[in-house]
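Before any comments, here is the structure.
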Amino acid sequence: WFTTAFSNEVYKFDTRTETFTRIALPHNGVTKWMSDTFMGVILKLVSFFPGKNYQIALSHSKWLNQGSDVFEMPYGIDVDPVSGNIFYSKIYGNKIGMVNKDTLEVTEYDVPHMGPRRLRIGQDGMVWIPSFDEGYLMSFDPKSEKFDSIKLPLLASNEYEIPYALNVHPKSGDVWIASNNSDRVLRYLPKEKRFVAYPMPQQVIWFRDLEFSQDGQVCMSNSNLPAYAHEDKVPAFFCIEPEANGAYGFH
């Protein structure tokens with residue numbers, strides 16, 4: 001299962017038959033329908049005029065002065081291990097959606113905070129969503145269809161956080177969050193309703209995803225663009241070795 005961001009679709013690829021199934025997502029407005037329908041055509045036309053950037057002048061995001069509001073942009077996606085249904089997030093549409101695994105029917109929900117990026121689902125079926133625009137950790141219960149929001153901890157009252165990605169540990173259920181604006185990784189313990197912060201040893205990190213190794217490490221790549229924007233000007237792969245006493249190893 002994967003999203004196609006600028007055409008506002010979700011696809012299923014059957015690895016046995018090697019066939020694709022296309023699920024068109026709701027447009028949620030005329031200007032967004034225009035983006036979903038005509039963006040590919042415009043990009044194809046302007047490709048005949050390389051270096052001219054005609055797509056910017058032609059885009060209704062500019063001449064209607066609507067910016068990113070003309071996009072839905074489905075982004076993160078995950079499979080609910082309880083129901084088997086598929087959940088996705090729309091970073092510009094400020095929605096999450098569910099695709100029923102059997103009927104392929106789509107249901108969408110407005111999120112309480114803007115900029116949902118890479119959502120992940122715990123083993124209990126709880127959907128965890130980072131609010132990239134407002135610095136919140138959101139959760140969604142598919143059974144009650146209700147959201148909860150937790151403000152991410154800041155280093156100072158006048159700062160803000162931009163959580164790009166998160167992942168849910170399959171055993172502990174802890175939610176690990178890339179807090180890129182403060183060069184930290186945050187760990188939220190749902191049972192205790194508290195955060196643990198892991199400051200990185202170098203500055204200007206930009207983690208786009210997190211994964212768990214079999215020996216208990218939490219790993220991520222520093223994906224700055226350009227790579228030399230990182231403090232030591234070298235692309236890096238980071239792993240955290242959390243320990244029960246609150247200390248942690250790092251390499």
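Computed from a prediction, not measured in an experiment: that's the story for all the values here. These values consider heavy atoms only, across backbone and side chains, with no hydrogens, waters or symmetry-generated copies.
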Under a plain distance cut-off of 3.5 Å, with no hydrogens placed, do [Y] and [X] share a side-chain donor-acceptor pair?
X: Y92; Y: E72; answer: no
X: H230; Y: D232; answer: yes
X: Y198; Y: R187; answer: yes

Could you state whether [X] and [Y] fall into the same hydrophobic cluster, counting links through intermediate Ile, Leu, Val, Met, Phe, Trp or Tyr residues with side-chain heavy atoms under 4.5 angstrom apart?
X: W176; Y: Y188; value: no
X: I77; Y: I96; value: no
X: M39; Y: M73; value: yes
X: I129; Y: M114; value: no

Under 4.0 Å between a Lys/Arg side-chain N and an Asp/Glu carboxylate O for D110 and K90?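 Salt bridge between D110 and K90, a charged N being under 4.0 Å from a carboxylate O: no.
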Mind checking the CG-CG spacing from L152 to N181? Nearest 0.5 Å is all I need.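 That separation rounds to 11.0 Å.
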What about the rings of Y88 and Y75, do their centers lie closer together than 6.0 Å?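 So the answer is no for these two rings.
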List the residues meeting ring-ring contact (aromatic ring centres under 6.0 Å, His included) with F48, not counting sequence neighbours, and say none if there are none.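 None.
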Around Y160, counting heavy atoms of other residues, nucleotides and ligands shown, do more than 12 lie under 6.0 Å from its OH?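 No.
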